[in-house]
Amino acid sequence: MGKPTGFMEFERVGETYAPVEDRLKDYSEFIAHLTDAEAKQQGARCMDCGVPFCNNGCPVNNIIPDWNDLVYRGNWKQALEVLHSTNNFPEVTGRICPAPCEAACTLNINNDAVGIKSIEHAIIDKGGENGWVVPQPAKKKTGKKVAVVGSGPAGLAAAQQLARAGHAVTVFEKNSRIGGLLRYGIPDFKLDKRLIDWRMAQLAAEGVKFQTNTFIGKDAPGKGIANDAKKTISPKQLQKDFDAVILAGGAEQPRDLPVPGRELQGVHFALEFLIPQNKEVAGEGKNPISAQGKHVVVIGGGDTGSDCVGTSNRHGAASVTQIEVMPRAPEQENKALTWPNWPIKLRTSSSHEEGCVRDWAISTKEFVGENGQLKALKCVRVELRDGKLVEVPDSEFELKADLVFLAMGFTNPVAQVLDAFGVEKTHRGDAKADTHNYRTNLKNVFAAGDMRRGQSLVVWAIREGRQCARAVDEYLMGSSVLPR
Ligand SMILES: Cc1cc2nc3c(=O)[nH]c(=O)nc-3n(C[C@H](O)[C@H](O)[C@H](O)COP(=O)(O)OP(=O)(O)OC[C@H]3O[C@@H](n4cnc5c(N)ncnc54)[C@H](O)[C@@H]3O)c2cc1C
Ligand code: SF4
């Protein structure tokens with residue numbers, strides 16, 4: 001604890017955002033990390049709690065009080081080492097994690113939490129700027145081969161850990177570029193894709209091989225699921241060629257809204273809009289969906305919906321409305337009841353701030369069209385009664401819409417992939433494997449990330465990738481020194 005009185009002397013200082021009118025002009029990141037002086041002051045606010053709730057609230061158990069102290073003392077390089085000891089990709093979490101650590105911070109009980117995420121962001125950016133992030137290839141190779149199916153944060157974290165343990169790792173990806181939802185899904189304005197290339201270069205130098213445009217399975221996934229594969233490898237072949245296989249294919253099955261009019265032109269799954277947008281920004285073709293001059297309605301109030309809002313505004317939409325079936329959450333949580341857990345409260349993202357009408361407790365009954373083209377939504381207001389959503393009588397209304405994005409979450413991983421392997425599924429359709437062994441019902445097939453836990457967060461995917469890597473290392477070698 002650098003400064004015992006820091007939490008009483010200094011206020012929380014947030015990162016600076018470019019003005020809305022500037023950031024809407026393109027898809028660049030618009031959040032500037034803290035200056036050294038600001039980061040030092042934020043570090044000084046940390047109380048180095050006897051029981052650091054932040055560390056427990058963080059799914060990768062980042063050793064937060066230590067790097068807060070190191071930043072306060074100006075020892076950035078060591079802070080980066082501590083940060084990397086628990087987290088393979090802080091350049092991602094420092095940008096897009098919702099920061100459950102901050103909800104858990106002791107200071108959050110009666111004050112503003114330490115700006116943990118902003119300090120993380122500053123540490124990794126400084127590491128990048130100074131060339132401190134270098135490959136750490138294994139000193140000894142084991143001769144064992146591991147295949148990782150899926151190149152999202154779970155697959156990449158597992159691949160990096162296993163390569164550092166000396167295994168020969170190949171990552172297979174059905175899409176044309178590596179990164180999973182980090183690459184194709186999350187908009188560029190939230191996460192600059194050059195960061196993925198930068199980290200991939202480190203993995204490649206550590207020996208990880210990447211094979212893109214390659215689908216592992218039998219039958220290709222269905223509508224609404226991105227697939228650029230030019231080649232298919234059967235699960236049997238993969239199991240024959242590798243000593244262990246990790247399934248890290250994400251939870252890609254989008255939740256549909258099968259109401260009348262679903263087939264109308266203009267009704268799309270969110271990722272049918274967001275993925276081509278990432279590709280357009282990367283110079284890989286034009287987004288076939290344009291929101292320019294259109295009335296856009298986004299159905300679903302989470303991260304994906306918010307990303308559709310931000311992207312539609314960058315297209316120059318005439319209006320953007322986001323509706324959510326659940327009632328509006330309170331602006332402020334009751335901390336006495338919720339701390340140190342993640343509270344349910346109204347969250348306003350930077351995309352919302354850029355311009356969007358938000359409404360809650362609305363159910364969509366029908367998409368209305370003319371000549372096959374969407375024109376409006378027929379909606380009804382709902383309320384929670386005895387834990388169930390029921391329609392409010394006489395509350396039907398229409399919402400003008402040329403474009404609708406369905407952003408109601410993802411139900412489960414693509415069943416065809418798990419079925420092709422013969423992997424047992426949970427009642428929700430996720431790959432069945434526990435969080436100790438990460439092993440499926442098949443001896444040498446493991447599962448991690450959204451494919452195992454269902455739709456979640458990047459930080460959970462990194463945790464599962466790391467823990468799964470340790471389980472695989474133990475399986476291959478009998479023991480492991482990889483951290484869990
Ligand atoms: C639009 C959007 C915004 C989000 N924003 C945030 C955010 O701000 N913060 C946050 O923490 N989380 C966010 N999330 C959630 C987060 O992206 C995911 O939880 C995380 O990426 C899951 O990681 P994963 O590695 O398990 O899977 P994914 O990232 O989904 O990667 C899985 C990869 O496996 C590939 N694959 C699947 N099956 C096969 C196969 N059979 N053969 C070959 N390849 C295959 C897929 O093509 C994909 O590239 C967001 C999600 C979406 C959709
Ligand atoms: S809970 Fe907050 S104040 Fe306590 S150690 Fe963690 S970051 Fe510091």
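Whatever order the structure lists ligands and atoms in, that order sets their numbers, starting from 1.
With respect to Lys190 and Asp307, a salt bridge is recorded, a charged nitrogen being found less than 4.0 Å from a carboxylate O. Salt bridge Asp69/Lys3: absent, no basic N to carboxylate O contact under 4.0 Å. Under 4.0 Å is where a charged nitrogen must lie from a carboxylate oxygen, and between Arg12 and Glu38 no such pair does. With respect to Arg177 and Asp228, no salt bridge is recorded, no charged nitrogen being found less than 4.0 Å from a carboxylate O. Ionic pairing of Asp192 and Arg95 is not present here: no N-O contact between side-chain nitrogen and carboxylate oxygen is shorter than 4.0 angstrom.
Within the protein, the N, O or S atoms lying under 2.8 Å from atom 2 (Fe) of ligand 2 are Cys105 SG.
Applying the side chain to side chain donor-acceptor pair (under 3.5 Å) rule to Asn444 yields the partners Gln239; only residues at least two apart in sequence or on another chain are considered.
The aromatic rings of Tyr27 and His315 sit perpendicular to each other, their planes meeting at more than 60°, with 30° as the lower class boundary.
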For ligand 1, what N or O to protein N or O distances fall under 3.5 Å?
{"unit_1": "ligand 1", "atom_1": "5 (N)", "unit_2": "Lys190", "atom_2": "NZ", "d": "3.4"}
{"unit_1": "ligand 1", "atom_1": "8 (O)", "unit_2": "Ile96", "atom_2": "O", "d": "3.3"}
{"unit_1": "ligand 1", "atom_1": "8 (O)", "unit_2": "Lys190", "atom_2": "NZ", "d": "3.0"}
{"unit_1": "ligand 1", "atom_1": "9 (N)", "unit_2": "Ile96", "atom_2": "O", "d": "2.8"}
{"unit_1": "ligand 1", "atom_1": "11 (O)", "unit_2": "Val458", "atom_2": "N", "d": "3.0"}
{"unit_1": "ligand 1", "atom_1": "19 (O)", "unit_2": "Asp450", "atom_2": "OD1", "d": "3.3"}
{"unit_1": "ligand 1", "atom_1": "19 (O)", "unit_2": "Asp450", "atom_2": "OD2", "d": "3.0"}
{"unit_1": "ligand 1", "atom_1": "19 (O)", "unit_2": "Ser456", "atom_2": "O", "d": "3.0"}
{"unit_1": "ligand 1", "atom_1": "19 (O)", "unit_2": "Leu457", "atom_2": "N", "d": "3.4"}
{"unit_1": "ligand 1", "atom_1": "25 (O)", "unit_2": "Pro153", "atom_2": "N", "d": "3.2"}
{"unit_1": "ligand 1", "atom_1": "25 (O)", "unit_2": "Ala154", "atom_2": "N", "d": "2.9"}
{"unit_1": "ligand 1", "atom_1": "26 (O)", "unit_2": "Asp450", "atom_2": "N", "d": "2.8"}
{"unit_1": "ligand 1", "atom_1": "29 (O)", "unit_2": "Leu181", "atom_2": "N", "d": "3.0"}
{"unit_1": "ligand 1", "atom_1": "41 (N)", "unit_2": "Ile216", "atom_2": "O", "d": "2.8"}
{"unit_1": "ligand 1", "atom_1": "42 (N)", "unit_2": "Ile216", "atom_2": "N", "d": "3.0"}
{"unit_1": "ligand 1", "atom_1": "44 (N)", "unit_2": "Lys174", "atom_2": "N", "d": "3.1"}
{"unit_1": "ligand 1", "atom_1": "47 (O)", "unit_2": "Glu173", "atom_2": "OE2", "d": "2.7"}
{"unit_1": "ligand 1", "atom_1": "47 (O)", "unit_2": "Lys174", "atom_2": "NZ", "d": "2.9"}
{"unit_1": "ligand 1", "atom_1": "47 (O)", "unit_2": "Asn175", "atom_2": "ND2", "d": "3.3"}
{"unit_1": "ligand 1", "atom_1": "49 (O)", "unit_2": "Glu173", "atom_2": "OE1", "d": "2.6"}
{"unit_1": "ligand 1", "atom_1": "49 (O)", "unit_2": "Glu173", "atom_2": "OE2", "d": "3.0"}

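Cation-pi check for Arg466 over Trp460 is not met; the charged atom does not lie both under 6.0 angstrom from the ring centroid and within 45 degrees of its normal.
Residue pairs meeting the ring-ring contact (aromatic ring centres under 6.0 Å, His included) criterion with at least one member in residues 80-106, sequence neighbours excluded, do not occur.
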